[in-house]
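So the structure is just underneath, and the comments pick up after that.
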Amino acid sequence: MNVIVEREKSLSALESRIEALRERDAGSDEVKQLESKVEQLRRDMFGNLTPWERVNMARHPKRPLSSDYLAALDAFDELHGDRHFRDDPALVGGFAKLRGRRVVVLAQMKGRDTKENIRNNFGMVSPEGYRKAKRLMELASRFRLPIVTFVDTSGADPGLSSEERAQGEAIAACLVTLAKVEVPVVASIIGEGGSGGALAIGLADHVIMAENAVYSVASPEGCAAILWGDAARAPEAAERLKLTAADLEGFGIVDEIVAEPIGGAHRDGARFVEKMLDAVDGALRLLEPLAPDALREARYQKYRRIGAWHDDAATRAVSGA
Amino acid sequence: MNVIVEREKSLSALESRIEALRERDAGSDEVKQLESKVEQLRRDMFGNLTPWERVNMARHPKRPLSSDYLAALDAFDELHGDRHFRDDPALVGGFAKLRGRRVVVLAQMKGRDTKENIRNNFGMVSPEGYRKAKRLMELASRFRLPIVTFVDTSGADPGLSSEERAQGEAIAACLVTLAKVEVPVVASIIGEGGSGGALAIGLADHVIMAENAVYSVASPEGCAAILWGDAARAPEAAERLKLTAADLEGFGIVDEIVAEPIGGAHRDGARFVEKMLDAVDGALRLLEPLAPDALREARYQKYRRIGAWHDDAATRAVSGA
Amino acid sequence: MPAPEWLRIRRDKDVPAEDASLWVKCPKCSEMLYRKDLGDNAYVCMRCGHHFRMHAYDRINLLVDSDFVEIGDHITPGDPLGWVDRRPYPQKLEADREKSKLSEAIVTGFATLEGFPVALGVMDFNFRGGTMGTVVGERVTNLLEEALRRRLPCIIFTASGGARMEEGMLALMQMAKTTQAVERFMSDGNLFVTVLTDPTTGGVSASFAFESDIVIAEARASIGFAGRRVIEQTIRQKLPDNFQTAEFLLEKGHVDMVVDRRQIRDTLVRVLDYAVDRKRLAPALKAVPEFAGA
Amino acid sequence: MPAPEWLRIRRDKDVPAEDASLWVKCPKCSEMLYRKDLGDNAYVCMRCGHHFRMHAYDRINLLVDSDFVEIGDHITPGDPLGWVDRRPYPQKLEADREKSKLSEAIVTGFATLEGFPVALGVMDFNFRGGTMGTVVGERVTNLLEEALRRRLPCIIFTASGGARMEEGMLALMQMAKTTQAVERFMSDGNLFVTVLTDPTTGGVSASFAFESDIVIAEARASIGFAGRRVIEQTIRQKLPDNFQTAEFLLEKGHVDMVVDRRQIRDTLVRVLDYAVDRKRLAPALKAVPEFAGA
Ligand SMILES: [Zn+2]
Ligand SMILES: [Zn+2]
């Protein structure tokens, strides 16, 4: 059960009552009162979300998905396959135009319904998906096209056959390629950023995160199961993991947060998608003038700094944030 | 039935008779007479082989195989796998030392017996074998180690699953890599050179061929089946295909031929293997002083010339040989 | 942008009329199709979408803005092996020239596509089953070298039964020769696109067809390395119908896209638009070709 | 060749005596093994060949010619998330330090192997299950940067349960950080070798473990990305015993070689001998290290 969906249900009775009243008499005091009450309720319910609530927001069934972002691009031409084994529909990539600019896009594809989810393996990418991504990153670098990625996955596919085809190596190869490419890379964490499977296309010059997206080293459920042998304590784990956009900006892991409307991005999906694309556009505009060497050096230093450790030799604390 | 093996049987009765006589009286006239008779017979039988006979020589069950060449190296440390899918035992590769020199070796592995052949798929390489080869070629280029290949295959694996894993792409990728590498490449055709599956590790700065090896665009049986619907006419096809070392040297495809003892390389296998390794060593000695650019330019021009066409504009025949 | 002066008309070649009849029967759905309508529909069956095999010059006409400058047509086959099977090889070549109105199994040249100047090669199955002999290898190499000199993108349409047996190992070596040309061309940062049409097999599938930046498969084309019959003999069972089809290959991740022939031109223009920096092309457009054929 | 002056002895560290008893029972074959004999046999069961997990300093002693200069030991963990589960993270770290006699889950430094100077990193499962937190990431990065500066080959032994949960996303980001260091190190033409020991999983398997030139797996080691239990939950059936073993991975083509621990040193020396140009190393041998720890 999604806690946000549950909460929305309790609002929806009130909302339909207002709708009915509005049809009869839009300007009445009663309508106005009710409207401001709903507004207040919405603020109370969604104004200051806990990490666990954000996890649920990130997994909300109506949340904009990669497919919505791809559809909002000026143009998109999908390129398929790893050239060796299979085309993985969980990770889609291709040529695109974004605000008039030629780019290569990579996106993790959760499905909108069960059928899509089965087809796309619920957005969990297999080795051949990461190998396709690597191929397209190299293509982008070859033709000097910026790389734009949309991250939304609970994690890399943990299945038997993915292990047999070297899931670890596939993710590592993506990371190496992103470290190597001589073009700007902008990553957007739009929903769930699940561990290494997300990072594989998330190593970037500029990382943007939707306000209610989450990005975590482990799923809250998995973390709770490991720590307390009880997946039901996920809300508590979510709290500890520091997986919100604000936390990650504080750590220097996320460079920019795109605010969501109260109640979540899905309350005004189309506009939110445009806002995110604007943010990507803005980031690219700043990165494009950089020479390849400067770009790569900046990328190196960005990740070089991340972490928090003590330097006993220097007898000072070093921190990346 | 191997026509060479058949012929050897008819000799072996005589040979054991001599052996028996020799034990009794080594210097007798009878022994001497018989010995010279055998010598004469051997010359008659094997002195001037037809292309089809050479095909049979190349497939002789006692012919030195890649495993014999690997065993004769100063050192060999096998490196496995394509890092993605499988280690293909039909193509073996690794670090080696040859006459004291550090190299990377790639070899197609026919088996000596049925068990080995089943394990090695009769030396027919699958896509993952070619992808391992590509990986090791890149490793060689990275560390400036010459590449030494031993070609012995009836062709690339023509199975269903090899097609599913993009056999064509795998061979093409090997060819591109051999075109690209900045280190000397020496290929030895030691037995059967079967079409694209052989060429995949046969594109080289210097191509050496054993005198009785064959190297063909199609197997004689396959060719006969296509041309006359009758695989039994393979001897005729072998004639037409110009697949012998001498033919290929004439076409500029083979740079050097290593002579075999009368009766074939297997009559003195260990020594023949050493002769071949000497030839490889000699070729490397000539190639090593070349700068990478000069090496690659020479490789380009070597293949650039191969072929025979008319140039109607120049009203002259252009030929590569 | 206007076609530069050097893109001269080369479309006055005789286009074959293999079969003079006005009606063609679709081998897939058996519909009787009016030949002219079929031509207007890019030789795609109006009923079931079956893609008929297409003549190289028809294909070129379908693609280019207006003009096509052919190069390499002076390169013609010899008979290096003195090959004879049922007939001598030169007689077979003569018959193929007659039948196909082509001098060899590939046509190469320059043209513009929606203003983009490109080097263009189109193979034709009508000539020796599109097999790659010396001339195909030489023309492809020549095309890539000329494109490299001008830093133009290169597009090659493949249709091939593999290496040409009648030229033996000289044919096989064209895999190496064309690969070296591709490698040199691409290493300089130029775009290489291949469009795999029905059928693309053997030595061509194991060389330049799969060495490009973008591999487009024409819808329903049969594409693979080993021949269907060889595989059936190997595995001793019949293969599924969709085996080695473009659509099968897409699923298996071998090709970037599968495109209906009627959309191929638009797709190529979009790919050029994505991958090619027009600034880079500006000098090429002004270049005067020095090749013999122009 | 004699060890250069800067390779100073660092072997006087306390080596743990986790269990004071003289005898150890093999978990595989139940044989009772005399501890000293086991140590002399590289902690490999004399009866069944089972590879016991090994302390980082024991491993180093097994490898190096004589001296080992540790670097990076001044880099020690903080508590960036203020993490508490059953206990606060700092307490867990303290307990691990106590138990393992290590300051973190990896030891890094310089040494010679059969005269070859190398940068060497050895992870230890005894410290937080070899998980990669900030310090592991920082030490690995530091090691690769120092190796790059000296153009030395780098060898890292992995043993890891993945990213360290207690440092959250800062731990995950070490995958990116170490990868960048690996990429920069390798792009300069330096040899990178990893030896995957039991167990190598999660974030380490998806970063530097599989980014090297040569991936050696120690015999019988368990290696994979997803944990065994996670996979079993996903596919709802028990996995075969050999799943994710080094030997399984060799068959699947993931690793270059599987090597018995008793042969690993010799194997590494041979790999160095093949891939490293001694001429390139000459200046490195003379270099005086400027790192703080030496
Ligand atoms: Zn039809
Ligand atoms: Zn034991």
Side-chain angles (χ1 to χ4, degrees), chain B residues 155-160 162-173 175-180 193 195-200 202-203 215-218 222-223 226-228 237 240-243 247-248 251 253 299-300 303-314 317-321, chain C residues 73-81 83-86 133-135 137-138 141 162-165 167-177 179-184 187 201-211 223-227 230-231 234-235 239 243-244 249 252-254 292-293:
Chain B
D157 176 59
L160 175 76
S162 287
E163 289 294 313
E164 288 183 338
R165 296 196 299 278
Q167 184 68 283
E169 193 275 344
I171 293 171
L175 292 173
V176 170
T177 309
L178 285 177
K180 203 190 292 270
S195 192
L199 179 63
L203 193 168
Y215 195 1
S216 180
V217 69
C223 177
I226 292 169
L227 293 180
W228 304 291
R240 315 253 159 127
L241 283 164
K242 305 286 186 231
L243 44 63
D247 288 325
L248 298 174
F251 291 138
I253 293 170
R299 194 184 304 148
Y300 190 90
Y303 286 95
R304 183 72 189 79
R305 277 192 297 270
I306 293 178
W309 62 89
H310 296 289
D311 189 332
D312 298 343
V318 177
S319 156
Chain C
D73 51 347
H74 56 96
I75 301 161
T76 57
D79 181 18
L81 272 57
W83 183 273
V84 183
D85 47 71
R86 289 168 198 268
T134 299
V135 171
E138 183 62 20
T141 301
R164 187 173 298 169
M165 210 149 50
E167 296 189 21
M169 283 295 287
L170 292 171
L172 191 78
M173 288 300 127
Q174 305 310 311
M175 292 171 66
K177 178 155 132 183
T179 295
Q180 301 228 60
V182 167
E183 194 277 326
R184 196 171 263 202
S187 288
T201 60
V204 166
S205 84
S207 60
F208 58 86
F210 276 106
E211 289 167 356
I223 299 160
F225 176 66
V230 178
I231 304 166
T234 307
I235 64 170
L239 291 163
F243 186 70
Q244 293 188 327
L249 261 59
K252 296 291 178 192
H254 304 188

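None of these values were measured; they are calculated from a predicted model. Lettering follows sequence order; numbering is per chain, from 1.
- Side-chain contact between C:Gln244 and C:Ile231: present, with at least one pair of heavy atoms (C-beta onward) separated by less than 4.5 Å.
- When all heavy atoms of C:Thr134 and B:Ala308 are compared, the pair lying nearest together is CG2-N, 3.1 Å.
- Contact count against chain C (heavy-atom pairs under 4.5 Å) is highest for B:Ala172 among B:Ala198, B:Gly202, B:Ala172.
- Heavy atoms of B:Leu203 lying under 4.5 Å from chain C belong exclusively to its side chain.
- Only the side chain of B:Ile253 comes within less than 4.5 Å of a heavy atom of chain C; its backbone N, CA, C and O stay farther away.
- Between chain B and the residues C:Asp79, C:Val84, C:Val135, the most heavy-atom pairs under 4.5 angstrom are made by C:Val84.
- Every residue meeting the ring-ring contact (aromatic ring centres under 6.0 Å, His included) condition with C:Phe243, not counting sequence neighbours, appears here in chain and number order: C:Phe248.
- When heavy atoms are compared at a cutoff of 4.5 Å, C:Ala181 approaches chain B by way of both its backbone and its side chain.
- The contact between C:Leu239 and chain B is made entirely by side chain atoms (from C-beta outward), counting heavy-atom distances below 4.5 Å.
- The shortest side-chain heavy-atom distance between C:Trp83 and C:Glu167 does not fall under the 4.5 Å cut-off.
- Checked against salt bridge (charged side-chain N to carboxylate O under 4.0 Å, His left out), C:Lys252 has no partners two or more places apart in sequence or in another chain.
- Highest contact tally toward chain B, considering only C:Gly253, C:Gly162, C:Ala206, is held by C:Ala206 [criterion: heavy-atom pairs under 4.5 Å].
- Ranked by non-hydrogen atom pairs under 4.5 Å with chain B, the options C:Ile223, C:Leu81, C:Leu249 are led by C:Leu81.
- If you measure heavy-atom distances from C:Pro77 to chain B, the contacts under 4.5 Å come from the backbone alone.
- Here the side chains of B:Leu227 and C:Arg86 are not in contact, with every heavy-atom distance at 4.5 Å or above.
- For the set B:Asp247, B:Ile171, B:Leu178, B:Thr177, the entry with the most heavy-atom pairs within less than 4.5 Å of chain C is B:Ile171.
- Both the backbone and the side chain of C:Ile75 come within contact range of chain B, judged by heavy atoms closer than 4.5 Å.
- Chain C forms more heavy-atom pairs under 4.5 Å with one residue of B:Arg304, B:Lys180, B:Arg165, B:Arg299 than with any other, namely B:Arg304.
- Considering only heavy atoms from C-beta on, C:His254 comes within 4.5 Å of C:Phe210 through its side chain.
- Looking only at side-chain heavy atoms (C-beta outward), B:Ile306 and C:Lys177 stay at 4.5 Å or farther from each other.
- For the options C:Val230, C:Thr76, C:Asp85, heavy-atom pairs under 4.5 Å to chain B are most numerous at C:Thr76.
- To the nearest 0.5 angstrom, B:Leu199 atom CG is 5.0 Å from B:Leu175 atom CG.
- Note on B:Ser195, B:Gly159, B:Ala218: by heavy-atom pairs under 4.5 Å with chain C, the leading option is B:Ser195.
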